[in-house]
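Down below is the structure, laid out as structure tokens.
Both counts, for ligands and for their atoms, begin at 1 and track the order of listing. By convention here, the first residue in the shown sequence is residue 1.
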Amino acid sequence: MTDPARTDRRDLLILGGGLVGMTLALAAARKGLTSHLVDRADPKSMLEAGFDGRASAISTASWRLFRNIGLADTLEPFGCHIDSIAVVDQMKPGRIDFRPDIHEGSLGRMFANRQLRTALYEAVQAEDAITLHAPVIVKDRDAGEFVATATLEDGTVLTADLLVGAEGRGSPTREEAGLAMARWDYSHRAIIAGLDHTKRHDNIAWEIFYPDGPFALLPLLDKDDGTHRSALVWTVDEKDAAGSLKMGDRAFTAEVQKRMGDILGTVTLNSVRSSYPLAFQHTARIVGQRMALVGDSAHGMHPIAGQGLNLGLRDVGALVEVLLEARRLGLDLGDAQVLAKYEKWRALDAAMVMTATDSLTRLFGIPGKAASAARRLGMAGVQQSGMLKKLFMDEARGITGDTPELLKA
Ligand SMILES: Cc1cc2nc3c(=O)[nH]c(=O)nc-3n(C[C@H](O)[C@H](O)[C@H](O)COP(=O)(O)OP(=O)(O)OC[C@H]3O[C@@H](n4cnc5c(N)ncnc54)[C@H](O)[C@@H]3O)c2cc1C
């Protein structure tokens, strides 16, 4: 007799349908792997305007992944190219310009997270190989010797060959697997807002470093009426965050304008403000018995370099590639050696990006004139060095190291 609550067995059981979880389900499906995709949030509320007002810098490699899984036509009209990145210490003289040669292409594209989420959700809905279960509550997860299962609150038991934790920073899959995690709090919050401005951004992403944290201006496409727009990510001390959020629009805009000078002309707010706590967290072990982690479940970093999602998308490319190879060889997708290969592949990239991001945050956070002078001297050195600049730009594009096939041209 069959158990009516037990659904068909899939290749993957992905817990967490955020940007990384949805991309994994789609990338796997395009290569013939089936999945259950599970999220506790209601997809409709996740697509609402106020749910996630952030914009993400999508690297060249991540864009190739979206293109390779069939999202280019949907997303292309929304992407704003980043042609160069300007790095400044507190608006003082001397800056580094990361501007690639014309034949090298842009440094990435900016997308509103809402646009990414909508495109992914619509593609997931249209894909037969994916069954989306949302909103649901997962009561139990089990990655056993022979099968991975998740029991939902209504008693439904989802089964698959491999359990994937994609629930973000607080991943219960990671917690239950008992994987040790390095974590520290930056005692900072990122305040997010949308800005209209009178001058063109010329597709430049600005990183202006203040001792409290970076102040980033990220280019977005002009509105239909020609109004210029950018996304603001302003890192403030945790103790100042509530005040910055409560400030009236005019006072807030005046503070913003003070920190960015006349770069973009006169600015006005075009959205509500929201904030995100900032912490570093990293697990060296990202696999367990019949289980793997992807995205922020495995690594959460400061948004200073816009690398969190890009790193998660590289997890996706690597995991799918390793699983396809296992399938070709007739191996079980939850096989320990298959998962060990995924973990080894991702280890160096994740450690490097995490360390570089953390060092940058600390370096520019050192207060005082002497530190600022030393930094500007270092920046002048980088500005002169074509080789160093190329290295940084390749890193920003996500094309260094052993790139998974799905993220190649
Ligand atoms: C201010 C800011 C700016 C950023 N800018 C950039 C950028 O420019 N470029 C970049 O690459 N990265 C950027 N990042 C990082 C990026 O946003 C994250 O790395 C990325 O969103 C992580 O996606 P995820 O799918 O792994 O996790 P999440 O987005 O956290 O998604 C997790 C999903 O799991 C679901 N979930 C959670 N718990 C459960 C559960 N128990 N059961 C079922 N479902 C569950 C949630 O509902 C959610 O849908 C930024 C981050 C911040 C804070």
Contact atoms of ligand 1, heavy-atom distance to [X] under 4.0 Å:
X: Ala57; result: 7 (C), 8 (O), 9 (N), 11 (O)
X: Gly295; result: 26 (O)
X: Met46; result: 49 (O)
X: Leu19; result: 25 (O)
X: Gly18; result: 25 (O), 31 (O), 33 (C), 49 (O)

[X] and ligand 1 - part of the residue with a heavy-atom distance under 4.0 Å:
X: Ala166; result: backbone
X: Ile58; result: neither
X: Met301; result: neither

Would you mind checking which non-hydrogen protein atom is closest to [atom], with the distance to 0.1 Å?
atom: atom 4 (C) of ligand 1; value: Pro303 CB, 3.7 Å
atom: atom 37 (C) of ligand 1; value: Glu167 O, 3.3 Å
atom: atom 30 (O) of ligand 1; value: Gly168 CA, 3.6 Å
atom: atom 9 (N) of ligand 1; value: Gly306 O, 3.1 Å
atom: atom 26 (O) of ligand 1; value: Asp296 N, 2.9 Å
atom: atom 41 (N) of ligand 1; value: Pro172 CG, 3.5 Å
atom: atom 1 (C) of ligand 1; value: Ile192 CD1, 3.5 Å
atom: atom 43 (C) of ligand 1; value: Arg40 N, 3.4 Å

Any nitrogen or oxygen of [X], side chain or backbone, less than 3.5 Å from one on ligand 1?
X: Arg54; answer: yes
X: Arg169; answer: no
X: Tyr276; answer: no
X: Leu309; answer: yes
X: Val233; answer: no
X: Asp39; answer: yes
X: Val20; answer: yes

We want to know whether [X] and [Y] form a side-chain donor-acceptor pair, criterion being a heavy-atom distance below 3.5 angstrom.
X: Asn113; Y: Ser56; result: yes
X: Ser62; Y: Asn310; result: yes
X: His197; Y: Thr266; result: no
X: Ser35; Y: Arg10; result: no
X: Ser187; Y: Asp185; result: no
X: Tyr186; Y: Asp237; result: no
X: Asp83; Y: Ser106; result: no
X: Thr357; Y: Gln307; result: no
X: Asp39; Y: His133; result: no
X: His81; Y: Asn203; result: no

(Q) So, applying side chain to side chain contact (heavy atoms under 4.5 Å, CB included) with Val338, which one of Val287, Leu323, Leu319 is it? (A)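 By the side chain to side chain contact (heavy atoms under 4.5 Å, CB included) criterion, Val338 pairs with just one of Val287, Leu323, Leu319: Leu323.
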Q.
Going by side chain to side chain contact (heavy atoms under 4.5 Å, CB included), Leu120 matches just one of Leu19, Leu75, Thr74. Which one?
A.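 Single pass found, and it is Leu19.
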Q: For Gln281 and Trp184, indicate whether the former's side chain and the latter's backbone hold a donor-acceptor pair under 3.5 Å.
A: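 Checked: no pair found.
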Q.
Between the side chains of Lys44 and Asp42, is the shortest nitrogen-to-carboxylate-oxygen separation below 4.0 Å, so that they form an ion pair?
A.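 Looking at Asp42 and Lys44, the cut-off is not met.
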Q) How about atom 14 (N) of ligand 1: does it have a protein heavy atom within less than 4.0 Å? A)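 It does not: no protein heavy atom is found less than 4.0 Å away from atom 14 (N) of ligand 1.
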Q: Using the six-membered ring of Tyr276, assess whether NZ or CZ of Arg54 lies under 6.0 Å from its centre and within 45 degrees of the ring axis.
A: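 Verdict for Tyr276: a cation-pi partner in Arg54.
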Q) atom 5 (N) of ligand 1: which of Ala55, Gly308, Ser297 has the nearest heavy atom? A)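 Closest candidate by heavy-atom distance is Ala55.
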